[in-house]
Amino acid sequence: MRTSQLHLSTTKESPADAEVISHQLMLRSGMIRRLAAGLYTWMPLGLRVLRKIEKIVREEMDAAGASELIMPAVQPAELWHESGRWGQFGPELLRLQDRHGRDYCVGPTHEEVITDIARRDLRSYKQLPVNYYQIQTKFRDEVRPRFGVMRSREFIMKDAYSFHASPESLQQTFDDMHRAYTNIFSRMHLTFRAVEADSGAIGGSGSMEFHVLAESGEDAIAYSTGGDYAANLEKAEAVCSDTLAEPSEEMTLVDTPDTKTIQALVDNFSMPVEKTIKTLICHASEECESDLVALLVRGDHQLNETKANNHPLVASPLCFASEEEIRAAVGAGPGSLGPVKLPMPVIADHTVAAMSDFGAGANIEDKHYFGINWGRDADQPIVADLRNIEAGDPSPDGKGELQILRGIEVGHIFQLGDKYSQAMKATVLDENGKDVVMSMGCYGIGVTRVAAAAIEQNNDDNGIIWPLPIAPFEVALVPINMRRSESLKEATEKLYQQLKDEGIDVLLDDRESRPGVMFADMELIGIPMRVVLSEKGLAKGIAEFKGRTDESATEIDADNIVEFLKSKLA
RNA sequence: CGGGGCAUAGCGCAGCCUGGUAGCGCAUCUGCUUUGGGAGCAGAGGGUCGCAGGUUCGAAUCCUGCUGCCCCGACCA
């Protein structure tokens, strides 16, 4: 490819509304153009990256025994009614009607369609397991699209769905996909982690997310310094090694005016923060006899809302009580709450349950109790894991401690179980001729997000640094002042042809701009290798090579450029 | 959906407070010079100042409404 054909259009300045580095660099390098909120055109340069990502994904999915198909982007509402998701999905689902007034949606995901395929086509356990995948445009009407292509409304996803006659078979395909994903992101030279994840509303037993590590990542992930344990922060298990000490103080009621926060309690009464607790009141679930429940975490700990949400006594979705509701139930407001004589069930984090002689609100305005002890002063609480882990906490697998990194979720693999197959009656006959509901797994990769994540992880002041396997071009060929030298022009064209013949992905910068412009552009768009040809150099029999991350260029034999590059690319 | 901000040339911005001929840098086009790290000089083109009302002799500027976009929170590949 030649730059003159590529319609390369780069800018020095980035648009004011681009916040993250990948978004800025994708716009500056001309990879993408915005059409409307969350809608982007992939320009020729960007599309080359997408195609390379897709190719790797296809190869690994095929190798793992999955087979590609393609489903309609527009789906009839009936299927979503069957699965129950037409009502559940909310405004994120883009709904539309055809000329007859029939309801449709633009697919945000394809469980319903694939399950419909499976129940029509699969009759016998002998046909299982199967794993179908597609690479296709999805639409989710995100509340807040942002960061360019990282969280857009329209995006390209590789989604795969597997069907099984037994949980063991599902587990095996799940493990195969885990391996395939590891291969995929490894082949792209990305630094990533596979982490345990909350399966959320989708349910099912196993759920792993694949995160590309980057400072700007939206997710926090916890990993063990000593073992293999890694989990999304919302899922990471907090272990408490503290043991409950005997009471050593009497409980006392203390006047605490203007002390509404943990910080004020610590500052005004010299109380160690480890001796304080936060009392959070939220709505209770149906199975709780009370309307409200209290959640307790230590003063310096953070409530983990996913864990709270998953507790059987807590209403889902999690909803904190208003100040009015709290006053009506307790008689005191936020800032004066605590477990002593609290008229509702109390769920305490493990750490809180192991505390003695601690301080908390007295449920009387502007008063706290100090020296509280469980059993003696307050009823024994229900104990649960409620808090976010913190860096330095012991790892749940007992190996080393936990540290926290930020990550961008690029893949997610699920064991769905029979959620959809049950609702949509997708069954096969087993060995005994009996109908059995198939088990399902689903496996997604955000193809467009991978491109953004790769940039987020690999860039410098000059621009993008593409990992070689997903770079739009492998080599930039830059002739200096080509129009002034016929011999240079000939040598450049000859080399360009040779490189193409060798199957090397080369971009010839034939713009005849000043060298600085060409260098800057080739670095901005992130081409991993650069070869510079000049009349002076050729006269001496040399060319110049520079890797994108090299400090400076090195001279190479002009007669041996093709071999040199082949060895670099091998 | 709640909270905050922005809207002036393709991009980045000034002008608005205090109403009076719409400007700067980058990019684009022409010419000359230059040519190994985003060239210099001279010239040129390009904007119903987001939209609709209102106030006024006169509105980018003041007032009202709308729309679009961005940022912060709950969702997700």
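Computed from heavy atoms alone, side chains included, the values below leave out hydrogens, waters and symmetry copies. As the structure is a computational prediction, the values presented were derived from the model and not from experiment. Quick note on labels: first sequence line is chain A, next is B, and so on, each numbered from 1.
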Of the nucleotides B/C71, B/C76, B/G38, which has the atom closest to the A/Glu409 side chain? B/C76
Separation of A/Gln134 atom CD from B/A77 atom C1', in whole Å? 13 Å
Quick one: label A/Ser152 by what it contacts on the DNA or RNA (base, sugar-phosphate, nothing), any heavy atom closer than 4.0 Å. base
Say we look at B/G54 and B/G19: how far apart would their C1' atoms be, to the nearest angstrom? 15 Å
Give none if B/U28 has no partner; otherwise give the nucleotide forming a Watson-Crick or G-U wobble pair with it, both distances under 3.5 Å. B/A44
C1' spacing across the pair B/U35 / B/C41, given as an integer number of angstrom: 16 Å
May I have the distance from A/Leu35 (atom CG) to B/C69 (atom P), rounded to whole angstrom? 10 Å
Note: A/Arg406-A/Glu456 ion pair, threshold 4.0 Å (strictly below): no
If I take atom CD in residue A/Glu111 and atom P in nucleotide B/C76, what distance separates them, rounded to the nearest angstrom? 12 Å
Under the salt bridge (charged side-chain N to carboxylate O under 4.0 Å, His left out) test, which residues partner A/Asp291, sequence neighbours left out? none
Excluding sequence neighbours, so at least two apart, what forms ring pair (Phe, Tyr, Trp, His ring centres under 6.0 Å) with A/Trp86? A/His81
For the P atoms, the ones on B/U8 and on B/U61, what distance do you get once it is rounded to whole angstrom? 13 Å
From the candidates B/C76, B/C69, B/C26, the one with an atom nearest any side-chain atom of A/Arg34 is B/C69
For A/Lys568, I'd like to know if atom NZ has over 12 heavy atoms of other residues, nucleotides or ligands within 6.0 Å. no
Closer than 4.0 angstrom, basic N to acidic O: yes or no for A/Glu209 and A/Lys235? no
Atom CD of A/Glu19 and atom C1' of B/G5: how far apart are they, to the nearest Å? 12 Å
For the side chain of A/Phe147, counting heavy atoms from C-beta on, which of B/A77, B/C71, B/A27 is nearest? B/C71
Roughly how many Å is it from CZ in A/Arg151 to P in B/C71, rounded to a whole number? 11 Å
Which residues in residues 506-544 of chain A have a heavy atom closer than 4.0 Å to any atom of RNA chain B? A/Arg514, A/Pro515, A/Gly516, A/Val517, A/Phe519, A/Ala520, A/Asp521, A/Glu523, A/Arg530, A/Val532, A/Ser534, A/Glu544
On RNA chain B, does the nearest nucleotide to A/Pro145 precede the nearest nucleotide to A/Glu305 from the 5' side, or the other way round? Give the residue. A/Pro145
Need one value for A/Glu209: base, sugar-phosphate or nothing, where a base atom within 4.0 Å counts as base even if backbone is also close, heavy atoms only. nothing
Select from A/Asn481 and A/Ala36 the residue whose nearest nucleotide in RNA chain B is closer to the 5' end of that strand. A/Asn481
Quickly work out the A/Met157 CE to B/A77 C1' distance and round it to whole Å. 6 Å
Go through B/C75, B/U35, B/C72 for me and flag the one nearest to the A/Glu218 side chain. B/C75
Taking atom P in both B/A59 and B/A52, what distance in whole Å separates the two? 14 Å
Under a 3.5 Å cut-off for both distances, is B/C1 Watson-Crick or wobble paired, and to whom? B/G73
OP1 or OP2 of B/C76 less than 4.0 angstrom from a side-chain nitrogen or oxygen of A/Arg153, does that happen here? no
Applying the Watson-Crick and G-U wobble criteria at under 3.5 Å, what pairs with B/C6? Answer none if nothing qualifies. B/G68
Side chains of A/His311 and A/Val293 in contact at under 4.5 Å (non-hydrogen atoms): no
Output one line per pair: protein atom, nucleotide atom from nucleotides 11-15 of chain B, and distance, for all N/O pairs under 3.5 Å.
| from | atom 1 | to | atom 2 | distance (Å) |
| --- | --- | --- | --- | --- |
| B/G12 | OP1 | A/Ala16 | N | 2.9 |
| B/G12 | O2' | A/Glu13 | OE2 | 3.4 |

Distance-only check: which donor-acceptor pairs under 3.5 Å involve side-chain atoms of residues 535-546 of chain A, not counting sequence neighbours?
| from | atom 1 | to | atom 2 | distance (Å) |
| --- | --- | --- | --- | --- |
| A/Glu535 | OE2 | A/Ser485 | OG | 3.3 |
| A/Lys546 | NZ | A/Asp550 | O | 3.3 |

Check this for me: A/Gln302, atom CD, are more than 12 non-hydrogen atoms of other residues, nucleotides or ligands nearer than 6.0 Å? no
Tell me which nucleotide, if any, is Watson-Crick or G-U wobble paired with B/U18 when both distances must be under 3.5 Å. none
Whole-Å distance between B/A74 C1' and A/Leu318 CG? 10 Å
How would you label the contact of A/Asp219 with the nucleic acid (heavy atoms, under 4.0 Å): base, sugar-phosphate, or nothing? base
Out of B/A77, B/U35, B/G73, which nucleotide sits closest to the side chain of A/Arg144? B/G73
Distance, nearest 0.5 Å, that separates CE of A/Met440 from CG of A/Asn131: 10.5 Å
Say you pick atom P in B/A7 and the same atom in B/A14; how far apart are they, in whole Å? 8 Å
Would you say A/Glu234 and A/Asn304 are linked by a side-chain donor-acceptor pair, where the criterion is simply a distance under 3.5 Å? no
B/U67 to B/U55 separation - P atoms, rounded to the nearest Å: 23 Å
Interatomic distance, A/Ile480 CD1 vs B/G38 P [rounded to whole Å]: 12 Å
Could you go through residues 517-529 of chain A and list every donor-acceptor pair under 3.5 Å that involves a side-chain atom there, pairing it with any protein atom two or more places apart or in another chain?
| from | atom 1 | to | atom 2 | distance (Å) |
| --- | --- | --- | --- | --- |
| A/Asp521 | OD1 | A/Thr10 | OG1 | 2.7 |
| A/Asp521 | OD2 | A/Arg511 | NH1 | 2.8 |
| A/Asp521 | OD2 | A/Arg511 | NH2 | 3.1 |
| A/Glu523 | OE2 | A/Arg530 | NH1 | 3.4 |

Using the P atom on both, measure B/G12 against B/C17 and round to a whole Å. 25 Å
P spacing across the pair B/U64 / B/U18, given as an integer number of angstrom: 15 Å
CD/A/Gln5: more than 12 non-hydrogen atoms of other groups inside 6.0 Å: yes
